[in-house]
Amino acid sequence: MENIKVMGFTLFVFSVGQLHFISLVCGAPLAPALYVFGDSLFDSGNNNLLPTVSKANFKPYGVDFVRGDTGRFSNGRLVPDFIAEFLGLPYPPPSISIRISTPVTGLNYASASCGILPETGQFLGKCLSLTDQIDLFQHTVKSSLPKHFKGRPNEQSEHMSKSIFVVCIGSNDYMSNYLKPKTSDTSKHYSPQAFAQHLLDKLSAQFRRLHSLGARKVVMYEIGPIGCIPSMTRKNKHNGKCVEESNQLVAFFNDNLLGMLQNLTSTLSNSIFVRGHAQWLGYDAIINPSKYGLLDTSNPCCKTWANGTSACIPELKPCPNPNQHYFFDGYHLTETVYSVLAGACINDRSVCSPTLRELVQM
């Protein structure tokens with residue numbers, strides 16, 4: 001990373017693979033706080049403190065991250081980390097790691113292996129469902145933050161209304177629930193269309209809770225192309241690079257996500273619910289890797305359990321060029337891909353409309 005002085009401002013220029021980012025630091029952050037909800041794509045270490053096998057607090061995870069193996073399921077930064085850097089905020093710490101003073105700059109509530117539905121992922125051990133995560137956020141709003149805004153509830157409300165909320169959840173409701181008939185009978189009770197609507201109804205209810213607790217600017221990422229991850233492609237017969245039947249399942253969810261979010265925006269006061277229209281972007285990077293500086297979009301970078309379909313085997317060296325890979329393990333992405341997904345939402349209206357750059361000014 002290099003620093004460049006321009007007209008009294010400091011530009012931080014940093015690169016990931018062939019991608020280059022410029023962060024302008026000029027005093028106050030663009031938003032007062034960043035609050036993060038989701039699953040292992042966004043978890044920054046909450047599962048480290050839970051009794052579960054779904055953890056990433058060991059090498060080679062974090063091999064390219066300045067703080068090492070923090071619990072992020074990648075070689076480096078995740079989408080919320082790039083968004084925090086853009087906003088000029090510190091990385092939101094895992095919420096259940098906070099023992100003394102809650103930071104006013106945001107928290108990360110995301111939990112690996114969990115989903116929108118409370119039963120999703122529980123066979124792997126304890127994780128925080130979306131309901132659990134918003135319960136924790138409620139405690140933050142009702143019990144922790146008031147200590148920082150003593151006797152000034154209006155200031156806390158304004159703080160929340162200007163903060164950014166990012167959410168990425170739902171893939172485990174398919175991979176660890178609907179598509180797991182041995183551990184779940186969900187697929188016996190719901191057609192693919194009905195299951196997608198069931199998830200959207202539950203998600204909508206939780207977003208209404210978030211709004212009641214003060215959230216006003218919310219970005220919800222689509223579920224990615226789960227049919228392309230090594231865990232799926234190495235276990236199921238398919239033509240081409242992906243198991244398109246699995247991609248079609250989540251398409252029923254993604255195709256109706258925008259309408260649900262638009263309904264919330266129109267019915268909940270002063271709210272903006274933004275869809276992170278990133279499924280196509282993730283898919284395009286798999287099919288056209290050279291556009292994104294990638295060489296391998298099929299195989300995990302690290303050596304994993306179960307022939308490339310699971311988590312990294314602890315302490316084994318990963319591939320020498322992680323950021324030219326799409327996948328770091330059998331499920332999760334490399335820093336390069338996360339940077340693409342974050343950068344597009346910050347700057348590209350075809351992915352996030354309004355963009356994050358526009359949202360902070362609204």
Side-chain angles (χ1 to χ4, degrees), residues 24 28-38 41-42 78-89 92 104-110 116 130-131 133-134 137-138 140-141 145 149 153-170 199-224 253-281 341-362:
L24 174 62
L30 299 178
L34 174 64
Y35 293 98
V36 179
F37 303 84
L41 299 180
F42 278 15
L78 309 179
V79 166
D81 299 319
F82 286 106
I83 293 176
E85 289 176 0
F86 162 70
L87 295 174
L89 293 169
V104 294
T105 52
L107 287 169
N108 186 322
Y109 301 87
I116 297 168
L130 185 57
T131 301
Q133 293 176 37
I134 297 180
F137 176 67
Q138 179 172 314
T140 299
V141 171
L145 284 180
F149 298 96
N154 289 343
E155 284 187 28
Q156 181 173 329
S157 296
E158 184 178 4
H159 171 87
M160 296 309 265
S161 70
K162 292 181 177 179
S163 296
I164 299 296
F165 294 74
V166 291
V167 187
C168 179
I169 200 163
L199 291 179
L200 288 165
D201 290 344
K202 296 294 185 183
L203 181 62
S204 177
Q206 295 304 325
F207 280 166
R208 289 179 181 275
R209 283 186 68 201
L210 263 187
H211 180 270
S212 72
L213 292 167
R216 294 296 181 267
K217 299 177 179 181
V218 182
V219 177
M220 169 66 191
Y221 274 87
E222 291 175 329
I223 298 174
F253 176 92
N254 288 336
D255 290 349
N256 291 291
L257 176 61
L258 179 60
M260 184 270 279
L261 296 175
Q262 288 175 332
N263 180 60
L264 291 175
T265 299
S266 64
T267 57
L268 299 178
S269 62
N270 303 312
S271 68
I272 307 173
F273 287 83
V274 180
R275 175 189 59 164
H277 184 36
Q279 191 278 343
W280 71 268
L281 185 63
L341 298 175
C345 192
I346 291 168
N347 295 306
D348 187 346
R349 297 197 79 195
S350 71
V351 175
C352 288
S353 182
T355 64
L356 274 168
R357 192 175 298 279
E358 294 166 334
L359 188 61
V360 296
Q361 298 172 354
M362 300 172 80

message = Quick one, Thr355 with Asn347, criterion side-chain contact (heavy atoms from CB on, under 4.5 Å). Give me CA distance, side-chain angles, the key distance, then yes/no.
response = CA-CA 6 Å; Thr355 64; Asn347 295 306; 5.7 Å; no
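Between the CG atom in Leu30 and the CD1 atom in Ile83 there is a gap of 12.5 Å [rounded to 0.5 Å]. Atoms CG and CD1, from Leu359 and Ile164 in turn, are 4.0 Å apart once rounded to the nearest 0.5 Å. For the atom pair OG (Ser271) and CG (Leu210), the distance works out to 11.5 Å, reported to the nearest 0.5 Å. Atom CZ of Phe165 is separated from atom CZ of Arg216 by 9.0 Å, given to the nearest 0.5 angstrom. Considering CD of Gln279 and CG of Asn254, their distance stands at 6.0 Å, rounded to 0.5 Å. Leu199 contributes atom CG, which lies 6.5 Å from atom CD1 of Ile223 (distance to the nearest 0.5 angstrom).
Pairs passing the salt bridge (charged side-chain N to carboxylate O under 4.0 Å, His left out) check and including a residue from residues 262-280, sequence neighbours excluded, read Glu222-Arg275. Applying the salt bridge (charged side-chain N to carboxylate O under 4.0 Å, His left out) test to residues at least two apart or on different chains, the pairs with a partner in residues 159-168 are Glu158-Lys162. Pairs of residues two or more places apart, or lying in two chains, that qualify as salt bridge (charged side-chain N to carboxylate O under 4.0 Å, His left out) and include a residue from residues 344-354 are Arg349-Glu358.
Here His159 pairs with Phe149 under the ring pair (Phe, Tyr, Trp, His ring centres under 6.0 Å) rule; sequence neighbours left out. Shown here are the side-chain hydrogen bond (donor to acceptor under 3.5 Å, both in side chains) partners of Tyr221, two or more places apart in sequence or in another chain: there are none. Every residue two or more places apart in sequence or in another chain was checked for a ring pair (Phe, Tyr, Trp, His ring centres under 6.0 Å) with Phe42, and none qualifies. For Ser266, there are no side-chain hydrogen bond (donor to acceptor under 3.5 Å, both in side chains) partners, not counting sequence neighbours. Remark: Leu89 engages Pro29, Leu34, Leu87, Thr105 in a side chain to side chain contact (heavy atoms under 4.5 Å, CB included) (not counting sequence neighbours). Residues satisfying the ring pair (Phe, Tyr, Trp, His ring centres under 6.0 Å) test with Phe207, not counting sequence neighbours, are Phe273. In terms of the side-chain hydrogen bond (donor to acceptor under 3.5 Å, both in side chains) criterion, Asn263 has no residue partners (sequence neighbours excluded). With sequence neighbours left out, Gln156 forms a side-chain hydrogen bond (donor to acceptor under 3.5 Å, both in side chains) with no residue at all. A search for salt bridge (Lys or Arg N to Asp or Glu O under 4.0 Å) contacts involving Arg208 returns nothing, not counting sequence neighbours.
Contact annotation: the side chain of Ser204 approaches that of Leu264 to within less than 4.5 Å [non-hydrogen atoms, C-beta and beyond].
Judged purely by atom type and a 3.5 angstrom limit, His211 has no side-chain atom pairing as donor or acceptor with the backbone of Thr265. Checking side-chain atoms of Gln133 against main-chain N and O of Gly38 turns up a donor-acceptor pair under 3.5 Å. Using modelled atom types, one side-chain atom of Lys217 and one backbone atom of Met362 make a donor-acceptor pair closer than 3.5 Å.
Nearest heavy-atom pair across Ile116 and Gly170 is CD1-CA, 4.0 Å. When every heavy atom of Pro354 is checked against every heavy atom of Val274, the shortest pair comes out as O-CG1, 3.6 Å.
In this structure, a donor-acceptor pair under 3.5 Å is absent between the side chains of Thr140 and Tyr35.
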